[in-house]
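Notes follow once the structure below has been shown.
Side chains included, hydrogens not; waters and symmetry mates left out as well; all remaining heavy atoms used.
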Amino acid sequence: LCAGDSETLYINGATLGSSYQWQSSTDTLTWTDIPGAVNTAYSTPAVFDSGYYRVKVKCTDSVYTPVFSLHLNAPAVCYCTEPSIGGASTCASTYLINSVSITGTPLSTSNVCNITNGFAYTQFADTGSNTASLYPTLTYSINVACMSIYGGAGGWMDFNQDGIFEPSENIFLSPNTTGGVQSFLFTVPTNATYGSTTMRIRSNYYGFTNADACSYFYEGETEDYTVNIIQAPPCTDPPAAGAIQGMNNICPGDSEILT
């Protein structure tokens with residue numbers, strides 16, 4: 001099952017007329033009675049960690065069922081995907097994603113569209129210019145271009161690797177795409193889980209809120225990328241200062257992202 005799901009467990013073959021007490025454990029060594037779980041079936045609350053269950057079956061003597069293990073699926077199995085999130089049914093749609101890149105990383109894709117289960121969706125392979133390695137606490141510029149000058153775009157990254165794109169994991173929102181490249185800053189949280197995780201980029205006509213990573217829409221496109229959160233190497237003395245990147249000349253009233 002996936003994080004946040006619940007499961008109903010049943011006893012099979014126990015002696016009729018017995019009494020029952022469900023127990024849970026995180027390590028199969030220490031067991032805790034589950035309050036109120038005294039029937040032949042038990043529905044777990046929302047599960048966010050793998051665990052173990054058994055039942056104490058009592059007549060005059062007491063015996064225990066074999067241990068039942070409940071394991072969470074890998075996050076990649078649990079993400080909402082097509083056909084449940086919708087999108088354009090053809091790559092001739094007006095509201096598709098033209099390009100995605102993250103400054104300072106290899107990740108850079110352009111003009112990719114696939115129809116998956118009837119909708120515009122691409123799961124990029126974890127290789128080459130389809131992926132990036134990111135460090136916690138660092139701020140990155142993500143650059144996204146959409147085809148339409150009237151649509152919206154949004155991005156999410158599953159920083160805690162629980163298979164859910166939470167509103168707090170939204171990395172940018174664009175209420176008005178321009179047809180050209182738009183750049184947005186996001187920071188990888190200090191407590192981001194190390195390892196491979198998924199970044200989702202979406203476009204549509206309507207625009208997005210931070211809770212729309214899995215919402216169903218009738219237009220637009222969804223692209224999923226695998227990125228790797230890695231531990232930063234230890235600093236060395238003297239530190240390297242690096243250099244500021246950005247445009248030197250802009251017009252009055254413009255803004256510029258410096259990295």
Same cluster for Val38 and Phe68 if Ile/Leu/Val/Met/Phe/Trp/Tyr side chains link at under 4.5 Å? no
As a quick check of understanding, evaluate side chain to side chain contact (heavy atoms under 4.5 Å, CB included) for Leu1 and Val47, giving each step before the final call. CA-CA 9 Å; Leu1 76 170; Val47 175; 4.2 Å; yes
Distance alone, cut at 3.5 Å: any donor-acceptor contact between the side chains of Arg202 and Thr222? yes
Treating Ser141 as the side-chain partner and Thr103 as the backbone partner, does any N or O pair qualify as donor plus acceptor under 3.5 Å? no
Kindly state whether the ring of Tyr218 and the ring of Tyr216 have centres lying under 6.0 angstrom apart. yes
Are the side chain of Asp27 and the backbone of Leu29 linked by a donor-acceptor contact shorter than 3.5 Å? yes
Do the side-chain N and O atoms of Glu219 and Asn204 include a donor-acceptor pair separated by under 3.5 angstrom? no
Does some side-chain heavy atom of Ile230 sit less than 4.5 Å from a side-chain heavy atom of Tyr135? yes
Hey, does the side chain of Gln23 reach the backbone of Thr32 with a donor-acceptor pair shorter than 3.5 angstrom? no
Under the 3.5 angstrom rule, does the side chain of Tyr20 hit a backbone N or O of Ile11 as a donor-acceptor pair? no
With a 3.5 Å cut-off and no angle check, do the side chains of Asp212 and Thr209 form a donor-acceptor pair? yes
To the nearest 0.5 Å, what is the distance between CG (Asp158) and OG1 (Thr197)? 4.0 Å
Can you tell me how far apart CZ (Arg200) and CD (Gln123) are? Round to the nearest 0.5 Å. 8.5 Å
Please answer whether the main-chain N or O of Glu82 pairs with a side-chain N or O of Asn117 as donor and acceptor at a distance below 3.5 Å. yes
Is the backbone N or O of Ala145 less than 3.5 Å from a side-chain atom of Asn98, with the two atoms forming a donor-acceptor pair by type? no
Stepwise, does the side chain to side chain contact (heavy atoms under 4.5 Å, CB included) test hold for Asn130 with Leu107? CA-CA 5 Å; Asn130 299 334; Leu107 195 151; over 6 Å; no
Using side-chain hydrogen bond (donor to acceptor under 3.5 Å, both in side chains), reason through Thr30 and Ser25 one step at a time and then give a plain yes or no. CA-CA 6 Å; Thr30 302; Ser25 174; over 6 Å; no
Between Ser6 and Thr44, do the side chains contain an N or O donor and an N or O acceptor separated by less than 3.5 Å? no
With a cut-off of 6.0 Å (strictly less than), are more than 12 heavy atoms of other residues, nucleotides or ligands near OH of Tyr205? no
Return yes if a side-chain donor-acceptor contact under 3.5 Å exists between Ser148 and Thr94, otherwise no. no
Does Val57 reach the side chain of Tyr64, with side-chain heavy atoms less than 4.5 Å apart? no
Any donor-acceptor N or O pair under 3.5 Å, side chains Asn143, Ser101: yes
Could you tell me whether the side chain of Thr178 reaches within less than 4.5 Å of the side chain of Ile149, counting heavy atoms only? no
Separation of Ile97 CD1 from Ser110 OG (nearest 0.5 Å): 12.5 Å
Between Thr137 (side chain) and Thr190 (backbone), is there a donor-acceptor pair under 3.5 Å? no
Got a second to check how far Asp33's CG is from Trp22's CH2, nearest 0.5 Å? 13.0 Å
When Phe172 is tested against each of Asn210, Leu185, Val144 for side chain to side chain contact (heavy atoms under 4.5 Å, CB included), which residue passes? Val144
Between Tyr121, Trp156, Phe124, which is the residue that forms a side chain to side chain contact (heavy atoms under 4.5 Å, CB included) with Asp224? Tyr121
Starting at CD of Glu169, measure out to CD1 of Ile164 and round the result to the nearest 0.5 Å. 8.5 Å
Pair Tyr225, Thr109: side-chain N/O donor-acceptor within cut-off below 3.5 Å: yes
Do Arg54 and Trp31 meet the cation-pi criteria used here (NZ or CZ under 6.0 Å from the six-membered ring centre, within 45° of the axis)? yes
Please work out which of the three classes, parallel, tilted or perpendicular, describes the rings of Tyr79 and Phe165, given edges at 30° and 60°. parallel
Are Ile142 and Val188 connected, step by step, through hydrophobic side chains (Ile, Leu, Val, Met, Phe, Trp, Tyr) whose heavy atoms are closer than 4.5 Å? yes
In terms of hydrophobic clusters joined by side-chain contacts under 4.5 Å, are Leu96 and Phe217 together? no
Check the hydrophobic clustering (I, L, V, M, F, W, Y; side-chain heavy atoms under 4.5 Å; chains of links allowed) and say if Ile85 and Phe208 are grouped together. no
Do Thr198 and Gln161 make a side-chain contact, defined as non-hydrogen atoms from C-beta onward lying under 4.5 Å apart? no
Expected output: side-chain Thr65 to main-chain Val55 donor-acceptor under 3.5 Å: yes
Check: Thr105 side chain, Ile102 main-chain N or O, donor-acceptor pair, under 3.5 Å: yes
Polar contact flag, side-chain donor to acceptor under 3.5 angstrom, Asn114-Thr116: no
Does a side-chain heavy-atom distance below 4.5 Å link Tyr95 with Glu221? no
Thr122-Glu223 side chain donor-acceptor pair, cut-off 3.5 Å: no
After noting the C-alpha distance and the side-chain angles of Ser43 and Thr8, does the key distance pass the side-chain hydrogen bond (donor to acceptor under 3.5 Å, both in side chains) rule? CA-CA 4 Å; Ser43 294; Thr8 299; 2.9 Å; yes
So, the side chain of Thr177 versus the backbone of Gly151: is there a donor-acceptor pair under 3.5 Å, distance only? yes
In the single-linkage hydrophobic clustering (I, L, V, M, F, W, Y; side-chain heavy atoms under 4.5 Å), do Phe184 and Ile171 co-cluster? yes
Could you measure the distance from the CG atom of Asp61 to the SG atom of Cys59? Nearest 0.5 Å is fine. 8.0 Å
Would you call His71 and Tyr52 a side-chain contact if the rule is heavy atoms closer than 4.5 Å? yes
Quick check: do Ile115 and Cys91 have side-chain heavy atoms less than 4.5 Å from each other? yes
